[in-house]
Engineer: 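Provided herewith is a single structure, encoded as structure tokens, for subsequent inquiry.
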Amino acid sequence: MSSNEEAQIAQRRANLDAIVALGFRAYPNRFATTHTVSALATAHGESDAAALEASRVETVTAGRVISIRHFGKAAFLVLSDGRSRIQVYVRQDSLPDRDYQLYRLLDFGDQVGVAGHLFRTKTHELSIWAARLEFLAKCFIPLPEKWHGLHDVEIRYRQRYLDLIVNPDVRRVFEIRSRAVTAIRDFLTSHDFLEVETPMMQPIAGGALARPFVTHHNALDMTLFLRIAPELYLKRLTVGGIERVFEINRNFRNEGISTQHNPEFTMLEFYWAYQDYQVLMRFTEELLSFVARAAVGAEQVPFGEHLIDLQAPYRRLSLRHAAAEEASTRLGVPVLVEELRSLDSARAIAARLGIDVPDAAGPGRVATAIFETLWEDQLIQPTFIYDFPTEVSPLSKQREDDPDTVERFELYIGGFEVANAFSELNDPAEQRRRFESQIAERAKGDAEAHAMDEDYIRALEYGMPPAGGEGIGIDRLVMILSNSPSIRDVILFPLMRPRD
RNA sequence: GGGCCGCUAGCUCAGUGGUAGAGCACCUGCCUUUUAAGCAGAGGGUCGCAGGUUCGAUCCCUGCGCGGCCCA
């Protein structure tokens, strides 16, 4: 007993055999077109019937057949080039017999070439009056239904090509992504930043607090880590005199998967000598409004229930002040900023709020946990959270007036972190102390604590200029710009478990 | 790692302790301006996988797999 799908595949193979028997090649090497479907739709989408008749536009184009409506000895095909669609009118008395026989053997999903002239049907649909058909490739496997499309997210992610064929909005998301990345490059290069590429495989996984993926180089017999951040390499370049530098590339973090986390994700990092985090806040506002205009044509973008406004200025909240203020509201008693700076009182406040913190956490980690738990969900409109505890920021420079606090901010949009930036720590002695403190954290069980990097300290010993640096999560930014609720909607091939 | 939910035809989904349904798609026939074309007819199923309970399980129970959402 053969299944329905097997029968459909057999039918389609038989159709291909018949097409070959007509003299067509099964897999021709090329097809010379004069226009893409999108070009035709753009150029003539507004032309009326009389104008098309007067100009008699002849065209040769190609695409995938995504609909066939038969009418006896005529038919309407819909051809897609992945972006736009155009109707093709096929009739027996307008085609060579061989081409008409070909049309009768076409299946939903086949790749075809068409030559003919443009016209409008009675119902004003822009169409090609086919004078010639060429066969380009067979679709053997039945495609998902035209009306309901493909909803099963598992198949959409595993077989993204199917998703792209049948769900036109998916293409739109990745066009936004492409325009956003291009806009970031344009913005930074126009501000004299140099784009570079630094190692993806690193002997020490530094520049962030995260667990790395581990691999091995056979010839050198050495352990290598897929990078969790490019930070330490980019800052070495500022030592080398590249005063404005950026990289857009993949990071890898060996952590859980969620609507906001994919094990590999794309990050922009840039470093700007002689600037500090205050300058970067203003620069970020400029950058993001520029990117929004370029990617979606507006600074206001819908995101779920919200309309997010990426126009400057963004709200600014000091981390400890915001945490203390919200804790006061929740607990109904005053909570002072100073209480978040001492371990005992900070732990007591966290406990009263029902927030669990690791045993090894110092007051900085506790204050940060309180802040994230109380505030993260409400930070829908762009908000800079600034002045982080030094304890959680091993690569950031301290405030001149407060060694427990670093000049650092995170930008939240849509309820999650999109950017992280700081005035860069360039004092090699202080950097060594921070690394040593991280190693102590690791000894206490923090698997994400930063490792020692002697070569990085040596680079600082040559003198790194004061600088501001920032990382922006491209995937998360694109989620906001494209109104996508999951990071998997903005990554073409998100990581999935093997199915078999 | 924990909790909840899902997995039925190629796709989108109903459904029931008594051997399974719709729409679209596919096949046959009719149709030379349709657009979710129309009309008539036919076919298509390991109900995620494996056990258990039962006279009988797609349905109830247990485990596993894959996915989704939430939490850590």
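Letters go in sequence order (proteins before strands), and every chain restarts at 1. No experiment lies behind these values; they were computed from the predicted model shown.
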Engineer: Could you work out the separation of B:rC27 and B:rA42 based on their C1' atoms and round it to a whole Å?
Structural biologist: 8 Å
Engineer: Looking at residues at least two apart in the chain, or sitting in another chain, which of them share a side-chain hydrogen bond (donor to acceptor under 3.5 Å, both in side chains) with A:Tyr27?
Structural biologist: none
Engineer: Take the protein atom CZ of A:Phe119 and the nucleotide atom P of B:rU34, then report the distance between them rounded to whole Å.
Structural biologist: 11 Å
Engineer: When the C1' atoms of B:rC26 and B:rC66 are considered, how many whole Å apart are they?
Structural biologist: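 One C1' to the other, the span is 28 Å.
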Engineer: Which of residues 88-109 of chain A have a heavy atom under 4.0 Å from RNA chain B?
Structural biologist: A:Tyr89, A:Arg91, A:Asp93
Engineer: Grab the CZ-C1' distance between A:Arg488 and B:rG67 for me, whole Å please.
Structural biologist: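 That distance rounds to 8 Å.
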Engineer: Report, as a single string ordered 5' to 3', how protein heavy atoms within less than 4.0 Å touch nucleotides 36-41 of chain B: B base, S sugar-phosphate only, - not at all.
Structural biologist: BB----
Engineer: Could you give the distance separating B:rG48 and B:rG68 at their C1' atoms, to the nearest angstrom?
Structural biologist: 15 Å
Engineer: If I take atom CZ in residue A:Arg13 and atom P in nucleotide B:rC27, what distance separates them, rounded to the nearest angstrom?
Structural biologist: 16 Å
Engineer: With syn defined as a glycosidic torsion within 90 degrees of 0 and anti otherwise, which applies to B:rU19?
Structural biologist: syn
Engineer: Would you please indicate if the ring centroids of A:Phe422 and A:Phe409 are separated by under 6.0 Å?
Structural biologist: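 When the ring centroids of A:Phe422 and A:Phe409 are compared, they turn out to be at least 6.0 Å apart.
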Engineer: Quick one: do A:Arg172 and A:Asp169 make a salt bridge, cutoff under 4.0 Å?
Structural biologist: no
Engineer: Is the distance from the ring center of A:Tyr103 to that of A:His70 below 6.0 Å?
Structural biologist: yes
Engineer: State, yes or no, whether a side-chain contact exists between A:Tyr157 and A:Ile491 at a heavy-atom distance under 4.5 Å.
Structural biologist: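 No - every pair of side-chain heavy atoms lies 4.5 Å or more apart.
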Engineer: Show me, pair by pair, the donor-acceptor contacts under 3.5 angstrom made by side chains of residues 40-53 of chain A, not counting sequence neighbours?
Structural biologist:
residue : atom : partner : partner atom : Å
A:Thr42 : OG1  : A:Ser38 : O            : 2.8
A:Asp48 : OD1  : A:Ala50 : N            : 3.3
A:Asp48 : OD1  : A:Ala51 : N            : 2.8

Engineer: Nearest whole angstrom, please: distance from the P of B:rU8 to the NE2 of A:His151.
Structural biologist: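 The answer, rounded to whole Å, is 15 Å.
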Engineer: What interatomic distance, in whole Å, is found between C1' of B:rG23 and the corresponding atom of B:rU54?
Structural biologist: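 B:rU54 and B:rG23 have their C1' atoms separated by 36 Å.
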Engineer: From the list B:rG44, B:rU34, B:rC69, which nucleotide is the closest neighbour of the side chain of A:Asn4?
Structural biologist: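 Nearest to the side chain of A:Asn4 among the choices is B:rG44.
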Engineer: What is the distance, to the nearest angstrom, from the CD atom on A:Glu154 to the C1' atom on B:rG10?
Structural biologist: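 It works out to 16 Å between those atoms.
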Engineer: Going by heavy atoms in the side chains, are A:Arg315 and A:Gln381 under 4.5 Å from each other?
Structural biologist: no
Engineer: Got a salt bridge between A:Arg365 and A:Asp446, using NZ or NE/NH1/NH2 to carboxylate O under 4.0 Å?
Structural biologist: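 Yes, charged N to carboxylate O under 4.0 Å.
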Engineer: Check RNA chain B for consecutive Watson-Crick or G-U pairs with both distances under 3.5 Å and list the runs of at least three as stems.
Structural biologist: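 Expected stems, ordered by start: B:1-7 with B:65-71, B:10-13 with B:21-24, B:27-30 with B:38-41, B:48-52 with B:60-64.
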Engineer: Using atom P of each nucleotide, how far apart are B:rG18 and B:rC60 to the nearest Å?
Structural biologist: 12 Å
Engineer: Quick check on RNA chain B: between A:Gly256 and A:Ser486, whose nearest nucleotide comes earlier from the 5' end?
Structural biologist: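 This one resolves to A:Ser486.
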Engineer: Among the candidates B:rC69, B:rG67, B:rU12, find the nucleotide nearest to the side-chain atoms of A:Met496.
Structural biologist: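 Comparing B:rC69, B:rG67, B:rU12 against the side chain of A:Met496, the answer is B:rG67.
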Engineer: Pick the P atom in B:rG29 and in B:rG56, then give their distance to the nearest Å.
Structural biologist: 47 Å
Engineer: Across the strands shown, which category fits A:Gln11 at heavy-atom distances under 4.0 angstrom: base, sugar-phosphate, nothing?
Structural biologist: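 Sugar-phosphate: the residue A:Gln11, judged by heavy atoms under 4.0 Å, touches backbone atoms but no base.
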Engineer: State, with a plain yes or no, whether a side-chain heavy atom of A:Lys138 is found less than 4.5 Å away from one of A:Asn15.
Structural biologist: yes
Engineer: Which whole number of Å gives the distance between the P atom of B:rA57 and that of B:rA14?
Structural biologist: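 Each nucleotide's P atom is 25 Å from the other's.
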Engineer: Please examine the side chains of A:Leu317 and A:Trp375, heavy atoms only from C-beta on, and report whether any two atoms are closer than 4.5 Å.
Structural biologist: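 Counting from C-beta outward, A:Trp375 and A:Leu317 do come under 4.5 Å.
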Engineer: With a 4.5 Å heavy-atom cut-off, do A:Arg120 and A:Leu126 have their side chains touching?
Structural biologist: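 The answer is yes, as the side chains (C-beta and beyond) meet within the 4.5 Å cut-off.
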Engineer: Check the phosphate of B:rG67 against A:Arg497, side-chain N and O only, distance under 4.0 Å to OP1 or OP2. Yes or no?
Structural biologist: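 So the side-chain polar atoms of A:Arg497 do come within 4.0 Å of the phosphate oxygens OP1 or OP2 of B:rG67, strictly under.
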Engineer: Rounded to the nearest Å, what distance is computed from the CG atom of residue A:Leu495 to the P atom of nucleotide B:rG68?
Structural biologist: 11 Å
Engineer: Quiz question: going by heavy-atom distance under 3.5 Å, is there a donor-acceptor pair between the base of B:rU34 and the side chain of A:Gln87?
Structural biologist: yes
Engineer: Grab the CG-C1' distance between A:Asp152 and B:rU8 for me, whole Å please.
Structural biologist: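 Taking atom C1' of B:rU8 as the reference, CG of A:Asp152 is at 13 Å.
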Engineer: Report yes if a side-chain nitrogen or oxygen of A:Arg158 is closer than 4.0 Å to either non-bridging phosphate oxygen (OP1 or OP2) of B:rG67; otherwise report no.
Structural biologist: yes
Engineer: What is the nucleic acid contact for A:Arg85, judged by heavy atoms within less than 4.0 Å: base, sugar-phosphate only, or nothing?
Structural biologist: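 The residue A:Arg85 makes no contact with any strand.
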Engineer: By nearest heavy atom, map A:Glu5 and A:Val153 onto RNA chain B; which one lands nearer the 5' end?
Structural biologist: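 Final value for this comparison: A:Glu5.
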Engineer: Could you tell me whether a side-chain N or O of A:Arg341 sits under 3.5 Å from a main-chain N or O of A:Pro389, the two making a donor and an acceptor?
Structural biologist: no
Engineer: For A:Glu145, check side-chain hydrogen bond (donor to acceptor under 3.5 Å, both in side chains) against everything at least two apart and list the hits.
Structural biologist: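 Partners of A:Glu145 by the side-chain hydrogen bond (donor to acceptor under 3.5 Å, both in side chains) criterion, ordered by chain and then number, come out as A:His148.
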Engineer: Less than 4.5 Å apart, any side-chain heavy atom of A:Leu310 and any of A:Ile413?
Structural biologist: yes
Engineer: Distance between the P atoms of B:rG43 and B:rU28, in whole angstroms?
Structural biologist: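 It comes out at 15 Å once rounded to the nearest Å.
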Engineer: How long is the line joining NZ of A:Lys73 and C1' of B:rU34, in whole Å?
Structural biologist: 17 Å
